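If you read the sequence from its start, that first residue is 1, and numbering goes on from there. It should be emphasised that the depicted structure is a prediction, and the values quoted were computed from it without experimental measurement. Atoms within each ligand, like the ligands themselves, are counted from 1 in listed order.
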Amino acid sequence: MKLTETVQSGDWKSEKHVPVIHAEQNGDVLNIKVLVGEEVEHPNTLEHHIEWIKVFFQAEGGKFPVEVGSYRFCAHGEEEIFSKPEVSAVVKTQAKGTVYALSYCNLHGLWENSQEI
Ligand SMILES: [Fe+2]
C-alpha cells in the first residue's frame, strides 16, 4: 500500500480529525488558518493528541503543491499546558489555486482536506 492510500478524509463537521481550512485572498496576500476540531473537538491529552499540521498551496497550473509550512505541537500536558492544534499562515501570491492541509493524530494517523480559492 502506498502512503497516500493511508491518508484519511471526511466531513469535518462530523469527523473530528479532518483539518478545517479557512483561506481568504486579499490582493496579493493569501491568509490561511487551519485547525483540527472546529465542530467536533479532538482530545488534547498526553495519550491522544494532534502532533502536527502541514499546509500546502498549489497554484492553478502549478506542477505540485508547494509546502507553505509545518507546525509541530509540542506541549501535551507539561505543567498543565496543552498546545492547541491551530495554525495561521500568510502567503504572498496573486495566484488562485488550492490550499491543502495534512494533519497527524498519534492514535489515528494522517488526515487531509483542501480548499479552492
Ligand atoms: Fe485522534
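Counted by atom type alone, Glu78 and His76 present zero donor-acceptor pairs between their side chains at under 3.5 Å.
The salt bridge (Lys or Arg N to Asp or Glu O under 4.0 Å) check on Glu67 picks up Lys54, with sequence neighbours excluded. Residues satisfying the salt bridge (Lys or Arg N to Asp or Glu O under 4.0 Å) test with Lys33, not counting sequence neighbours, are Glu86.
Think of Phe57 as one node in a network of Ile, Leu, Val, Met, Phe, Trp and Tyr side chains linked at under 4.5 Å; its network also takes in Ile21, Leu30, Ile32, Val34, Val36, Ile50, Ile53, Val55, Val68, Tyr71, Phe73, Val87, Val91, Val99, Ile117.
Aromatic ring orientation, His17 versus His108: perpendicular (interplanar angle above 60°, classes split at 30° and 60°).
The Fe ion (ligand 1) has His17 NE2, His42 NE2, His48 NE2, Cys105 SG, His108 ND1 as its protein N, O or S neighbours under 2.8 Å.
Salt bridge status for Glu41 with Lys16: absent, with no side-chain N to carboxylate O gap under 4.0 Å.
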